[in-house]
2 protein chains.
Amino acid sequence: LKQKPFTPQKPIYIAACASVAGKKEKEGPLGAQFDFCGDDRFGKDTWEKAEAEMQKLALSLALKKSTLGESELDLIFAGDLINQCISSSYGLSVFRVPFLGIFGACSTCAEGMLMAAMFSSHLDRCASVTSSHFCTAERQFRFPLDYGGQRPPTAQWTVTGSGAFLYTTDVGDLENCDKDYVVKIADVMPGCIVDQGISDANNMGAAMAPAAHDTLLRYFNACHKASDFNKIYTGDLGMEGGSILRELMLGSDRSIDKVHADCGCIVYDVEKSDTHAGGSGCGCSAVVMAADVIPKMEKGLLRDVLFVGTGALMNSMAINQKQTIPSIAHLVHLRSVPLREALAERKS
Amino acid sequence: LKQKPFTPQKPIYIAACASVAGKKEKEGPLGAQFDFCGDDRFGKDTWEKAEAEMQKLALSLALKKSTLGESELDLIFAGDLINQCISSSYGLSVFRVPFLGIFGACSTCAEGMLMAAMFSSHLDRCASVTSSHFCTAERQFRFPLDYGGQRPPTAQWTVTGSGAFLYTTDVGDLENCDKDYVVKIADVMPGCIVDQGISDANNMGAAMAPAAHDTLLRYFNACHKASDFNKIYTGDLGMEGGSILRELMLGSDRSIDKVHADCGCIVYDVEKSDTHAGGSGCGCSAVVMAADVIPKMEKGLLRDVLFVGTGALMNSMAINQKQTIPSIAHLVHLRSVPLREALAERKS
């Protein structure tokens, strides 16, 4: 197995990002930071149409926050949890931009960033978008909402939210933005599929933690150690999976304890919100990255960040057929650099 | 909208490919050309496990046909039609290789080739895999098999099959193979989402033809014309979609009539096989490319080939909610070059 992370061939920067979220998310700790919060229906008559609408809104808002126009995008990478990724295809069909569908379950946000980085030599500008919606996920993966099914404490709560990210390989695009720092994708490492035999669909954290562990181990074998980072965000292992990951890391790099945070535990106040083990869904890490992590990096509050997106690659039928849950974790190393420095580097 | 196709930064060659197919496909015109044909169950107790098994078999066979080992692969790109792409994640979890999930419905085979090409500067070797299965698709998208639902003449028949492709950026890997010609990815063009208002899930060809038209028009505006190619394979518009595409092309490039073929009309003898408008599914173009097109190119029978993978980006719920069908077509330009020439170019 090859171990080297991939480094973008052309520097690639996050030009802008935007987050759209629902009611429960608005009541959480990041409530005031989302670009737009809706009533979960987003003006549509079905949950599926509402989720698609969130993706459209998120990308539109990201474009509005940047100086870029839709016609300047070379590509959109997008995916989501709904069967055949329809939130992406229906939500983004209004954009006349080449489109590549991706699927990494809840790791899709990280996979989109990774794709943007690895395509950088071919691109000037691109976007990645993802979403999830509590109501579309419940009826697809679990029970009709009206059924009022009980959830065990290890279950996670699917975030109603969408995050869109715009990337540019020309930092000149950011020259007139009012940011002191810009966020660069330093390197990336795609995950391997890991299946440690967990078959409980109400304990995805336990299924995904070994995948996060695998990717982090491979990454730290190749370069860096946990203490090189201001923060390591997994998204979204939740309370249960997060503690399993920290335990798994005991044998190799204990210092992760000091810098680890999980997007599923950031988006909700886990104690007060009745979300059990925390948030999940493609939208979970997407809104945390777009509304919290990247803005902090753009203020220079965090310099080096690892974002390890985790996903459980199962469906309901596989669970019904008594299969275990294969998982994956894609890693993205983000670095905040002073805009002035990036502009100087570009000229030289 | 930017119009330029992407050219791989490092030359990238198809090192090997393999096809696995079912009973009905074995009875078709390509029956003798598949690397392995099974009884549709492939030794498993559910259709979903059988489809996953096909992906595992296809990639294993491709590796066997090449000089490459699993550990030499930098990445696998894979996706399929089943909810949350489980044929890929369950089928390929035995391979300890970084994995990126992709989704383009029936265009996934082309999307995988496109990804390999665009990642070429980062890679030495990689793979793409996809599959479909008549029985998994029927129960997921249409009716339980036992119900015996009627199909209108425009309906297509989901191919039971999987295709795996290995790529190398070092033609030296092919030095000792017994091929006179090797297949190179010359350039690629990702599709835009196109929705012309078709809402009949039994007429996917009509929904997808405008997407193929859109991508071909953009490609021919940027470079080339239809007559530059020995063959233009769409996969999989079927009889109905194929004829709509040729009609749409009348206004721009009539010469496509002479070179156009559709993977859905190649895999079955459409007149005799009761498949109505022909084959479909991610596996359709995958097995046609792996068992027919690429072998022909490796014999020097075809020099320049366009492969335009088409996909309908809907799901059953969207159709039930009376939504129309967004579609996409990803284009891959393959070129057959004499192995001796490629080796000489490498040395210079």
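We name chains A, B, ... by the order of the sequence lines, and we start the count at 1 in each one.
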Residue, of B:S121, B:A318, B:A105, B:S89, that accumulates the most heavy atom pairs under 4.5 Å with chain A: B:S89
Heavy-atom pairs under 4.5 Å with chain A are the metric here; pick the option from B:G104, B:S316, B:G191, B:G311 that has the most.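 Answer, by heavy-atom pair count under 4.5 Å with chain A: B:G191.
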Tell me, do [X] and [Y] make a side-chain contact under 4.5 Å, heavy atoms counted?
| X | Y | value |
| --- | --- | --- |
| A:Q84 | B:M317 | no |
| B:F119 | A:M115 | yes |
| B:L100 | A:I102 | no |
| B:F6 | A:L123 | yes |
| A:C192 | B:V97 | no |
| A:M118 | B:M118 | no |
| B:Q9 | A:H122 | yes |

Looking at A:N83, is its backbone amide N or carbonyl O close enough to the side chain of B:N315 to form a donor-acceptor pair, meaning the two atoms are under 3.5 Å apart?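 Present.
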For the pair B:Y90 (side chain) and A:T324 (backbone), establish whether a donor and an acceptor sit closer than 3.5 Å, ignoring hydrogens and angles. yes
[X] versus chain A, the contacting section by heavy-atom distance below 4.5 Å:
| X | value |
| --- | --- |
| B:I76 | neither |
| B:E70 | neither |
| B:T7 | backbone |

To the nearest 0.5 Å, tell me how far [X] [atom1] sits from [Y] [atom2].
| X | Y | atom1 | atom2 | value |
| --- | --- | --- | --- | --- |
| B:S88 | A:I193 | OG | CD1 | 8.0 Å |
| A:I319 | B:I86 | CD1 | CD1 | 9.5 Å |
| A:C85 | B:M314 | SG | CE | 13.0 Å |
| B:I328 | A:S93 | CD1 | OG | 10.5 Å |

Would you call A:D214 and B:R96 a salt bridge, using N to O less than 4.0 angstrom? yes
Do you know which of [options] has the most heavy-atom pairs with chain B at a distance under 4.5 angstrom?
| options | result |
| --- | --- |
| A:K49, A:H330, A:M189 | A:K49 |
| A:D195, A:D80, A:L73, A:T46 | A:T46 |
| A:E111, A:E72, A:Q321 | A:Q321 |

Counting heavy atoms not belonging to B:K10, are there more than 12 under 6.0 Å from its NZ?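 Yes - once you tally the heavy atoms of other residues, nucleotides and ligands closer than 6.0 Å, there are more than 12.
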